[in-house]
Q: 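Have a look at the structure that comes next, please.
Computed from a predicted model, the values in this text were never measured in an experiment.
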Amino acid sequence: MTEEREYMSVTLAFAAGIAFAAAFRQLLPPHPSFFPTLMLACTAASACVLFEFRARGLRTVLPIALLSMFFCGIFSCLNSDIALWDGPAPHSKVYLRLRESVLGINFRNPRNNALLLALTCGDRSLIDSNLRDAFRDSGAAHILALSGLHLGFICIFIEKLLAILGNSPAAVRNRSVAIVALCGAYTWITGASPSIVRAFLFILVREWCRVSGRKSSLMRTWSTALVIQLALRPQSLFSTGFQLSYLAMAGIALVSPLLENLYPESERTAGSLVQKSLAGLDPVRKIWKMMSVSIACQCFTAPLAWIRFHSFPHYFLLTNLLAMPLASVVMFSGVPLTLLSMAGYQPELLLEICEGTMDGMVGILELIAGLQRDLT
């Protein structure tokens, strides 16, 4: 854990160097996210440095590494063309064909075409203001924004589809290559926004560790992805989607395990195979794990969300417990439905599952949004 904390400390020093250089050049002061970004990056890096000094003293190379990465961040920023950038506009022929297929699905309610388009392609232009407000007020806005949530679903879908290859070294390698290639293509097709680039880098690092036989952890993956993304495009640091995405993953890496341990796995896991299976089906623990992830994300993203949007979803736990499973069903049914629609085939059963789940999810979010508005 100490080594992984050092990885994160050095990474934050790199981010703080970029923020410092941008402030020095006065490149982005008019942008509303500039000063919160500078404050968060410098405060986090300073806290890590002070913690390490206090815990381990001056007889360590960590302060040197932190200082070196801080200056690397400055150098990277000063040698980059800084401009706010959310990726290229998704205008490729593949994207347009994908968009046309989603809009051509024969849903009874046209709202569901717009919703599935947002969930699969990140295009929220056709979603009406009432539905946008329901997602925002209920604390489910992250479901509409392309991020690790969506790329994770696609990654799992590819893994299940290619499970027939087996688990031999060659099969694992081929499956990893396919996952990276298809997820990379999806990232590029949908515009390569900072949040989805972060998700792709997480997948890239994970698959590289899997193929090379190296051990991986969420903290090391977080640090590696952050350095790579900022080294390639330092301006991503000032994107709100980038900030929220990395803060959420930091919360999952640092806080979620601590919360999960408050409800440990049953001692039956040490028994027979049947007992292990029963312990793995513990519904209370599964619910607690979902709550732990949600609480961990909110702990890290809530301050920035309040600074940027002046709002806090009071019922975020209820939203994630009820809406997230439904969003999973929508993605797992909507992705194959979209692909089959591109081939001119729309299975009735898949159509009914996808539309019924979206109707249920929207109904739940509208109910929770109403409760939120009653509070405010």
Q: Taking all non-hydrogen atoms of both residues, which atom of Cys297 and which atom of Ala248 are closest, and how far apart?
A: SG-O, 3.8 Å
Q: Measure from NZ or CZ of Arg198 to the centre of the six-membered ring of Phe200, then state whether that distance is under 6.0 Å and the direction lies within 45° of the axis.
A: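 No, Arg198 does not lie over the aromatic ring of Phe200.
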Q: Between Leu244 and Thr301, which heavy-atom pair has the shortest distance, and what is it?
A: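 Closest approach of Leu244 to Thr301: O-CG2, 3.6 Å.
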Q: Can a donor-acceptor pair be found, under 3.5 Å and without considering hydrogens, that links the side chain of Ser239 to the backbone of Ser236?
A: no
Q: Determine whether a donor-acceptor pair (N or O, by modelled atom type, separation under 3.5 Å) exists between the side chain of Arg136 and the backbone of Ala369.
A: no
Q: Between the side chains of Thr224 and Arg220, is a donor N or O closer than 3.5 angstrom to an acceptor N or O?
A: no
Q: Between Glu355 and Asn112, do the side chains contain an N or O donor and an N or O acceptor separated by less than 3.5 Å?
A: yes
Q: Taking atom CD1 of Ile364 and atom CG of Leu318, what is their separation to the nearest 0.5 Å?
A: 8.5 Å
Q: For Cys299 versus Pro303, what's the shortest heavy-atom pair and its separation?
A: O-CD, 3.7 Å
Q: Do you know the tightest heavy-atom contact between Ala323 and Met361?
A: O-SD, 4.1 Å
Q: Could you go through the side-chain contact (heavy atoms from CB on, under 4.5 Å) check for Arg99 and Asp123 one step at a time?
A: CA-CA 9 Å; Arg99 188 179 189 274; Asp123 185 350; 2.8 Å; yes
Q: Say you draw a straight line from CD1 of Ile156 to CG of Leu151; how long is it, rounded to the nearest 0.5 Å?
A: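 Separation between the atoms: 10.5 Å.
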Q: Please report the closest heavy-atom contact between Val362 and Leu115, naming both atoms and the distance.
A: CG2-CD2, 3.7 Å
Q: Look only at the side chain of Gln229 and the backbone of Pro194, and say whether a donor-acceptor pair between them is shorter than 3.5 Å.
A: yes
Q: Salt-bridged, Arg175 to Glu159, with N to O below 4.0 Å?
A: no
Q: I'd like to know if the side chain of Ser138 and the backbone of Thr319 have a donor-acceptor N/O pair within less than 3.5 Å.
A: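 Between the backbone of Thr319 and the side chain of Ser138 there is no qualifying donor-acceptor contact (under 3.5 Å).
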Q: Is Ile295 linked to Leu321 within one hydrophobic cluster, defined over Ile, Leu, Val, Met, Phe, Trp and Tyr using a side-chain heavy-atom separation of less than 4.5 Å?
A: yes
Q: With no hydrogens and no angle check, is any side-chain donor or acceptor of Gln346 less than 3.5 Å from a backbone partner on Gly104?
A: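 Checked: pair present.
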Q: Please answer whether the main-chain N or O of Leu116 pairs with a side-chain N or O of Thr120 as donor and acceptor at a distance below 3.5 Å.
A: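 Side chain of Thr120 to backbone of Leu116, a donor-acceptor pair under 3.5 Å: yes, one is there.
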Q: Side chains of Trp222 and Val205, heavy atoms from C-beta outward: is any pair under 4.5 Å?
A: no
Q: Given side chains that start at C-beta, do those of Met290 and Asn320 come closer than 4.5 Å, heavy atoms only?
A: no
Q: Using a 4.5 Å cut-off on heavy atoms from C-beta on, say whether the side chain of Arg210 contacts that of Arg206.
A: yes
Q: Taking the side chain as every heavy atom from C-beta outward, state whether Asn113 and Leu126 have any atom pair closer than 4.5 Å.
A: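 No; the side chains remain at least 4.5 Å from each other.
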Q: I'd like to know whether Val330 forms a side-chain contact (heavy atoms from CB on, under 4.5 Å) with Phe153, so could you lay out the CA-CA distance, the side-chain angles of the two residues, the decisive distance to 0.1 Å, and finally the verdict.
A: CA-CA 10 Å; Val330 171; Phe153 286 143; over 6 Å; no
Q: Are Ile228 and Val197 co-members of a hydrophobic cluster defined by side-chain heavy atoms under 4.5 Å apart?
A: yes
Q: Hey, do the aromatic rings of Phe332 and Phe157 have their centres closer than 6.0 Å?
A: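 Ring centres of Phe157 and Phe332 not closer than 6.0 Å.
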Q: Are Met331 and Ile127 connected in the hydrophobic side-chain network, where two residues link if heavy atoms are under 4.5 Å apart?
A: yes
Q: Just so I know, are the side chains of Ile154 and Leu182 near enough to count as touching, which here means a heavy-atom distance under 4.5 Å?
A: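 No, too far: nothing below the 4.5 Å cut-off.
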Q: Should Val329 and Leu350 be counted in the same cluster of Ile, Leu, Val, Met, Phe, Trp and Tyr side chains packed under 4.5 Å apart?
A: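 No, Val329 and Leu350 fall in different hydrophobic clusters.
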Q: Side-chain contact test, heavy atoms from C-beta onward, threshold under 4.5 Å: evaluate it for Pro336 versus Leu339 and give yes or no.
A: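 Answer no - side chains too far apart.
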Q: First locate atom CG of Leu349, then atom CD1 of Ile353, and finally report the distance between them rounded to the nearest 0.5 Å.
A: 4.0 Å
Q: Is there a side-chain contact between Phe300 and Leu254, using heavy atoms and a 4.5 Å cut-off?
A: yes
Q: Roughly how far, to the nearest 0.5 Å, is the CE atom of Met342 from the CG atom of Leu340?
A: 10.5 Å
Q: Is the closest basic N to carboxylate O distance between Arg173 and Glu207 below 4.0 Å?
A: no
Q: How many angstroms lie between atom OG of Ser256 and atom CD of Glu260, to the nearest 0.5 angstrom?
A: 4.5 Å
Q: Decide yes or no on side-chain contact (heavy atoms from CB on, under 4.5 Å) for Ile196 and Ser193, but give the supporting numbers first.
A: CA-CA 6 Å; Ile196 200 167; Ser193 64; 3.6 Å; yes
Q: Do Phe135 and Leu367 share a hydrophobic cluster, counting only Ile, Leu, Val, Met, Phe, Trp and Tyr and linking them when any side-chain heavy atoms are less than 4.5 Å apart?
A: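 Shared cluster, no.
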Q: Passes side-chain contact (heavy atoms from CB on, under 4.5 Å), Trp208 versus Val180? Steps please.
A: CA-CA 9 Å; Trp208 180 78; Val180 171; over 6 Å; no
Q: Can you name the closest pair of heavy atoms from Ala327 and Ile143 and give their distance?
A: CB-CG2, 4.2 Å
Q: Out of curiosity, Ile203 CD1 to Tyr186 OH, how far, rounded to the nearest 0.5 Å?
A: 11.0 Å
Q: Any carboxylate oxygen within less than 4.0 angstrom of a Lys/Arg side-chain nitrogen, looking at Arg111 and Asp128?
A: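 A salt bridge is absent here (no side-chain N lies under 4.0 Å from a carboxylate O).
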Q: With a 4.5 Å cut-off on side-chain heavy atoms, are Leu351 and Glu348 touching?
A: yes
